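On a predicted model such as this, the values are computed, not experimentally measured, just so you know.
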Amino acid sequence: MYTQALDAKTEQGAQPSPRLVTEQEAALQSRFQERVDAEEKIEPRDWMPEGYRRTLVRQISQHAHSEIVGMLPEGNWITRAPTLRRKVALLAKVQDEGGHGLYLYSAAETLGVSRDELIGQLLSGKAKYSSIFNYPTPTWADIGAIGWLVDGAAIMNQVPLCRCSYGPYARAMVRICREESFHQRQGYELMLALAQGTPEQKRMAQDALNRWWWPSLMMFGPSDEQSAHSAQNMAWKIKRFSNDELRQRFVDATVPQAEFLGLTIPDPELRFNAETGHYEFGAIDWTEFNEILKGNGPCNRERIEARRKAWDDGAWVREAAVAHAAKRRQRALKKAG
Amino acid sequence: MDRKDWPLFEIFIRPKNGLSHKHVGSLHAADTRMALDNARDVYTRRGEGVSIWAVPAASIAASDPSEKASLFDPADDKVYRHPTFYDIPADVKNI
């Protein structure tokens, strides 16, 4: 579903201090930058700066974890979807998110990390994932709001990633974006049904919008002045647009959609600026965002516990698969022998 | 972590008969049979293909990117590899 710029400037102190680069390394680096500037894609076995590799491993694995954890808030409603039509759609969407996680883990593995290492980082709580999935989904309208707003924000962020300089990541994003647009449409359609339903249903839709609006804006990450890696990631063409630029695009696209639904965006300062052609919006509460990143969101613990339980409960399946594969190999050998 | 026995497979899919299999990504599986089953679920949820190849990643021999220049020299000096190198009188047709 989504990748997020999670690294605020405070983390910069933790980065290794620049070391002396050899002449040979400097030549490799400038050749690398030339290739990136020329919009050439970088492939797994090509030379790349260590920082580029590290940044990609971090971003792609955080993105993969987000897809996997993102299955949880929506999975909560599969058994309680109000109609079969809504149920099959939600089931297909959650299955897609699982697939997206796998495409992304595959892309990360091309950079020399193992799948188990990455999953271990998620389960130990060391790895980060998108802040948005630490909010609860108490009503059915939340499923609509997630599809419309969360997937909408994700698409805004992910479409430029299809042109990312790292080949395997860009290719995974092309597949993901193609699948993601159904997610947003099913969410909006669901919101539309509620907004045009009984007064109680409309209230439910408004309540979901009230709760998901600000967290969706936070999905784009810290503002540009606060964002630690932006400039370097832009130079490496991992990132194409700044957090604030993407956030503005999302607001501009989404406000008219809310108006069509007859719902109110929960921001008294929101107004259209006819001169710039953009919507201006109120200040974002970054304390909430930072608390969630620290692990203190409403559902952080629950999400990680659910992932650990899934991993532990699946242990016998993984063992059985290995045993079964060994048995099949033996059988094939006997037949041949 | 206990999946040391699940090797990596590269997955190739033929979109339709008449076209070649194309690399789509990779996955881990206990054996080839499981790799095919999982590839079907992960990579063909929307009619992407009619045939799947699962190849153990360890079985792929790859050229070294640092030899790219020498291996894939565009051979611009070997103009005789192109049909326009040869002079044929204009009167000769269908050649």
Student: If we define contacts as heavy-atom pairs under 4.5 Å, which of B:D64, B:D41, B:T32, B:V42 has the most with chain A?
Tutor: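 Heavy-atom pair counts peak at B:V42.
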Student: By a 4.5 Å heavy-atom criterion (distance strictly below it), what part of A:E43 contacts chain B: side chain, backbone, both, or neither?
Tutor: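 Neither; nothing under 4.5 Å.
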Student: Checking heavy atoms, do the side chain of A:R171, its backbone, both or neither come under 4.5 Å from chain B?
Tutor: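 Nothing of A:R171, per the 4.5 Å heavy-atom cut-off to chain B.
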Student: If only atom types and distance count, is the side chain of A:Y103 paired as donor or acceptor with the main-chain N or O of B:V24 below 3.5 Å?
Tutor: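 No, A:Y103 side chain to B:V24 backbone: no donor-acceptor pair under 3.5 Å.
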Student: Out of curiosity, A:L102 CG to B:Y43 OH, how far, rounded to the nearest 0.5 Å?
Tutor: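 If I round to the nearest 0.5 Å, the distance is 7.0 Å.
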Student: Flag yes if more than 12 heavy atoms outside B:R45 fall under 6.0 Å of its CZ atom; otherwise flag no.
Tutor: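 Enclosed.
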Student: Ignoring hydrogens, what is the shortest heavy-atom contact between B:M34 and A:A321? Give both atom names and the distance.
Tutor: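 Taking B:M34 first and A:A321 second, the nearest heavy atoms are SD-CB, 4.1 Å.
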Student: Could you tell me which portion of A:R175 (side chain, backbone, both or neither) has an atom closer than 4.5 angstrom to a non-hydrogen atom of chain B?
Tutor: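 Just its side chain gets close to chain B.
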Student: Any chance you could measure B:L27, atom CG, to A:R115, atom CZ, to the nearest 0.5 Å?
Tutor: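 Answer for the CG-CZ pair, B:L27 versus A:R115, is 7.5 Å.
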Student: Quick check: does any side chain N or O of A:S106 sit under 3.5 Å from a backbone N or O of B:S26, one acting as donor and the other as acceptor?
Tutor: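 Looks like yes, one N/O pair under 3.5 Å.
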Student: Would you say CD of A:E39 has more than 12 non-hydrogen atoms from neighbouring residues, nucleotides or ligands within 6.0 angstrom?
Tutor: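 Above 12, so yes.
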Student: Answer with side chain, backbone, both or neither: which region of B:A57 has an atom nearer than 4.5 Å to a non-hydrogen atom of chain A?
Tutor: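 No part of it gets close to chain A.
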Student: So which atom in A:R45 and which in B:A62 form the shortest heavy-atom distance, rounded to 0.1 Å?
Tutor: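 Closest approach of A:R45 to B:A62: NH1-CB, 3.3 Å.
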Student: Any chance CZ of A:R53 has more than 12 other-residue heavy atoms, nucleotides or ligands included, within less than 6.0 Å?
Tutor: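 Enclosed.
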Student: Counting distance only, does the side-chain N/O of B:R33 pair as donor-acceptor with the main-chain N or O of A:R328 below 3.5 Å?
Tutor: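 No; zero donor-acceptor contacts below 3.5 Å.
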Student: Would you find more than 12 non-hydrogen atoms of other residues, nucleotides or ligands less than 6.0 Å from B:R14 atom CZ?
Tutor: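 Yes, enclosed.
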Student: If you count heavy atoms of other groups shown closer than 6.0 angstrom to CD of A:E34, is the number above 12?
Tutor: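 Yes - once you tally the heavy atoms of other residues, nucleotides and ligands closer than 6.0 Å, there are more than 12.
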Student: Under 4.0 Å between a Lys/Arg side-chain N and an Asp/Glu carboxylate O for A:K327 and B:D31?
Tutor: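 No, A:K327 and B:D31 are not salt-bridged.
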Student: Rounded to the nearest 0.5 Å, how far does CZ of B:R46 lie from CZ of A:R178?
Tutor: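 Going from the CZ atom of A:R178 to the CZ atom of B:R46 covers 9.5 Å.
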Student: Please check if the number of heavy atoms outside B:L71 that lie under 6.0 Å from its CG is greater than 12.
Tutor: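 For B:L71, atom CG is crowded (more than 12 foreign heavy atoms under 6.0 Å).
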